[in-house]
Number of protein chains: 2
Amino acid sequence: MPRSRSQPRDALSKDRIEEVALALVEQVGLEGFSTRKLATELGCEAMSIYHYYPSKAHLLDALFDRLIGGLPADQLTLSWRERLDRTVFAYRGMAHRNPRFFPYIALHRHNTAVGLAWLERMLTIFRDAGLDSEQTARFFRVIGYYVIGALIDETSGYAKGHSAADPVPDSVAADAYPNVAAVNPWFKPSEHEATFRLGLDALVDRVEAVAAGGGQGEGPLPAEGLRPLRPASLRARSSRSSSR
Amino acid sequence: MPRSRSQPRDALSKDRIEEVALALVEQVGLEGFSTRKLATELGCEAMSIYHYYPSKAHLLDALFDRLIGGLPADQLTLSWRERLDRTVFAYRGMAHRNPRFFPYIALHRHNTAVGLAWLERMLTIFRDAGLDSEQTARFFRVIGYYVIGALIDETSGYAKGHSAADPVPDSVAADAYPNVAAVNPWFKPSEHEATFRLGLDALVDRVEAVAAGGGQGEGPLPAEGLRPLRPASLRARSSRSSSR
DNA sequence: ATCCATAGCCTTACAACGTAAGGCCTCTTC
DNA sequence: GAAGAGGCCTTACGTTGTAAGGCTATGGAT
């Protein structure tokens, strides 16, 4: 019997550590996740984990790679719009399956090999839609922004629910803020997907309009030559600032 | 001389604590921000801060309230589109002035009185655009998602720059991921505002189209009756999932 | 003038954190 | 059998949020 010191657990491995780590994050949240708790869960000591990862940050990056790398492959035979749709919803599914880990994905720059491969794949879809480099860059960013922002909200129900300070009681809220009260039914999780699609469609429609001829999706839009990408409002305005 | 114990600093107050705290967060980041460092900066001991706030979380919420509460008032005489534009850009300016604190704003539910007042104000703009409750709810969410996602990215340059794990060297990245390399010039901070506007305009144009008659901003769009809000794609599809 | 409550700030202490330094087995390879 | 490496652990340090309680100066009540 080579190992009978503590629990009769399996031997350590990157695979097992990462699987258990992801599960633990979902139990205790990102804040509550520590190497010591992970060690307890694994049936080993905290420092044993450092044999496999040089630091906690490296472990978290490995979790990122594992989740992103686990997404299904691009279906190159489909239309770009269908490919984009599937890729976005696969990403969304991953976020929903790991709601408490998702903020880590959303907040950190991931210039790992896996992260770059994922980025490359997304960009290819926009290229295949007929966008040039600038359009690809901007619309990838725009849609990425939207998806990240949406998923942060959709997954935050599982995470830290409320501010630690005194939340305003619901009864007071309803009276003092009528629009908030009126709008509340559409903020429920059951409405998340419909709302998500609404915004995504608006953005992807714009991509389609731009790809179809540089138009903006406004007006009649049947091919009217190559208008510049940026709407007038973009050229006219400069950054606004204000407040404290 | 009532106070000459340590530094000849001013007396403590919520106002001073919060001002110094915001500055410190920008120096050391959210992770590095601790009550002890704040105390040193204030010229007092860590526990003195707890006389003004019951916990660190309460202090952070106060910082949120201070920043949101400091945004300029809505200009009710302007068009809804101009009001929305100014509000969004005022928010963006605040985020850029507090880049390292912004993730806290983006990630937490803020049901404080200030947070709800802000929400109420945003919703009013959508109502004034002519949207009903459902449309207001959904488009507020959609635009909020986009703005939060965009600002997380725009401000993250100042925050934790890279993954702790081995980042792929730029030279390798350029060869292995051609689209990433081609697109890189448009990812620079100098392009942030143009990209931000591109997506925002796409979404607000959709709001305008919907407000003008339930259309989708596609096609000719002159008032063609009240079509249902949701595009066909929304009704036909169910949540997709996949991967590991 | 005295008393006492309160406000304001500090001291001490504890449990939990990431992780550096190094030790102790057990297995592989010669 | 020797040597080395792989795999896991022990101990320890500095940092964190904050509970518990002490000290002092102020201000109102008596």
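All chains are named by letter (A, B, ...) in the order of the sequence lines, taking the proteins before the strands, and each is independently numbered beginning at 1. All of these numbers come straight from a predicted model, not from anything done at the bench.
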Can you tell me which nucleotide in [options] comes closest to the side chain of [X]?
X     : options                : answer
B/S48 : C/dA20, C/dC10, D/dT16 : C/dC10
A/S34 : C/dG18, D/dT16, C/dG8  : C/dG18
B/M47 : D/dA20, C/dG18, C/dA20 : D/dA20

Review point. How close do B/M122 and B/L84 get, heavy atom to heavy atom, and via which atoms?
Key: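 Closest approach of B/M122 to B/L84: CE-CD1, 4.1 Å.
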
Among all residues two or more places apart in sequence or in another chain, which pass the side chain to side chain contact (heavy atoms under 4.5 Å, CB included) test with [X]?
X      : value
A/T124 : A/R83, A/E120, A/D128, B/N179
B/V20  : B/R16, B/L38, B/E41, B/L42
A/A46  : A/T35, A/R36, A/A39

Review point. Looking across every strand, which nucleic acid part, if any, lies under 4.0 Å from B/Y53 by heavy atom: base, sugar-phosphate, or nothing?
Key: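 The residue B/Y53 makes no contact with any strand.
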
Check your understanding: Is A/T35 touching bases, backbone alone, or none of the nucleic acid, heavy atoms closer than 4.0 Å?
Key ->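 Since a base atom lies under 4.0 Å of A/T35, the category is base.
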
Review point. B/S13 or B/R36: which one's nearest nucleotide on DNA chain C is closer to the 5' end?
Key: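 The 5'-side residue here is B/S13.
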
Scan nucleotides 3-6 of chain D against the protein and return all N/O pairs shorter than 3.5 Å with their distances rounded to 0.1 Å.
none

Review point. A/F196: what forms a ring pair (Phe, Tyr, Trp, His ring centres under 6.0 Å) with it, not counting sequence neighbours?
Key: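 So A/F196 forms a ring pair (Phe, Tyr, Trp, His ring centres under 6.0 Å) with A/F89, A/Y146.
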
Exercise for review: With sequence neighbours left out, write down each residue that passes ring pair (Phe, Tyr, Trp, His ring centres under 6.0 Å) with A/F33, or none if nothing qualifies.
Suggested key: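 So A/F33 forms no ring pair (Phe, Tyr, Trp, His ring centres under 6.0 Å) with any residue.
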
